[in-house]
Amino acid sequence: MLHIITLLGLAVLLPASLSAGPLFDGHLHYNATHAAHYSPQQIIEKLACNGIRHAVVSGMPASHTASLYRQAPARIVPLLGVYRSPDDKIAWPKDASLPARIEAALNTGIWRGIGELHIFASDRHSPVFRRIIELAAQHRLPVQIHGDPAVIDTVYDIAASQAVIWAHAGTFPYPDLVADYLQRYPALTVDLSVRDERIAPNGEISDDWYELFVRFPDRFIVGVDTYSLARWQDFDAAVATVRHWLAQLPDAVARLLAHDNAAALFGITEKSMQPDAMKLPGPEHNCS
Ligand SMILES: [Zn+2]
C-alpha cells in the first residue's frame, strides 16, 4: 500500500509502512516565544497528528519544557535547557553560576538530559563546560551539543563513556568526518535535524549518506528542530520532508533512525509506554 503526501506542492508516493510509522523526534524546542502562540495541548496535538510518538524537547526558559512534559509525560522526553534568555546562548561558557543552577534543576528529577548547548572550539576548555559534562556523567544523562568536532573530542577527554547527541551532525556535516567520530566514540549519537537538504538534495537521498546510515544503523536519530515559531508553523511539512528520505532507506534501517535508536538512548521500551503516547491517528488525519 502507498500513501500520497504533498511535499513542496508535489504529490509524492511513500511506502505505507514509513509514511505512517511512529517517529521519535530527537530535537524540538518549546521556547517562551513558541508558548505564546501554542499551548502545551496544541503542541501535543501537532505531535500526535504527525505520528510523533515521542519527542526530545528543550526550551528557553526551561519552565516551558516542564509544562509540556506535564501535559504528556509519556510522549515528552524533557532536556534541561540552560539558557534563560537569548543572551545566555553566547554567554553561558563564562557563567560561573551556571553549574550550581543545573545541579539544583537536576535534583528535581524530571530532566532526562541536558541541552541544547551551543559551543564552538574556542570555548571547549571552559571550566563551566567541563563541570556540566561532569554533572551529566554523574547523573548518567545524555548531553545534546551543537558544536565543532573539537568540542566532541574534549567531552570524551573529560568523560570517556558520556552519551552525547551531536546536533545537526555537527558543524561540518561531512559523511567521512561523521564516520570517523562514530568509530572513535561509541557513546556518540548523531542527530540529523535540519540537514535534510544535504542528506537528500531535492528529496533524493545521496549515496554517501545512504552508505553511512547502512554502515552505522544504530547511531543516528532524526528531528525537526523547531528553532523558530515559523518552524512550528511549518511543522507538518518539515516532518513530511524527513519521512520522505527515511522511506528511501532499507526498512529496518529507517525504523532505527525514525524511532528505535532514540528510544534505546532514553531507555524507552514499548512496555514502559503510557496510553497517551500510543494514540496515533491514521495518516488521513488532517494536522492543520
Ligand atoms: Zn536546536
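Read the numbers this way: they start at 1 and go in the same order the structure lists the ligands and their atoms. Numbers for residues simply follow the sequence, beginning at 1. All values reported here derive from a predicted model rather than from experimental measurement.
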Under 2.8 Å from the Zn ion (ligand 1), is there an N/O/S atom belonging to His146? no
Report whether any nitrogen, oxygen or sulfur of His168 sits less than 2.8 Å from the Zn ion (ligand 1) (N, O or S, backbone or side chain). no
Using only N, O or S atoms, tell me which atom of [X] is closest to the Zn ion (ligand 1).
{"X": "Asp225", "value": "OD1"}
{"X": "Glu116", "value": "OE1"}
{"X": "His29", "value": "NE2"}

Over 60° means perpendicular and under 30° means parallel, so tell me whether [X] and [Y] are parallel, tilted or perpendicular.
{"X": "His29", "Y": "His27", "result": "perpendicular"}
{"X": "His146", "Y": "His118", "result": "tilted"}
{"X": "Trp166", "Y": "Tyr181", "result": "tilted"}

Going through the checks in order, is the salt bridge (charged side-chain N to carboxylate O under 4.0 Å, His left out) test met by Asp153 and Arg124? CA-CA 9 Å; Asp153 294 319; Arg124 70 191 186 281; over 6 Å; no
Step through the shown structure and confirm whether more than 12 heavy atoms of other residues, nucleotides or ligands are within 6.0 Å of CZ on Arg231.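 Yes.
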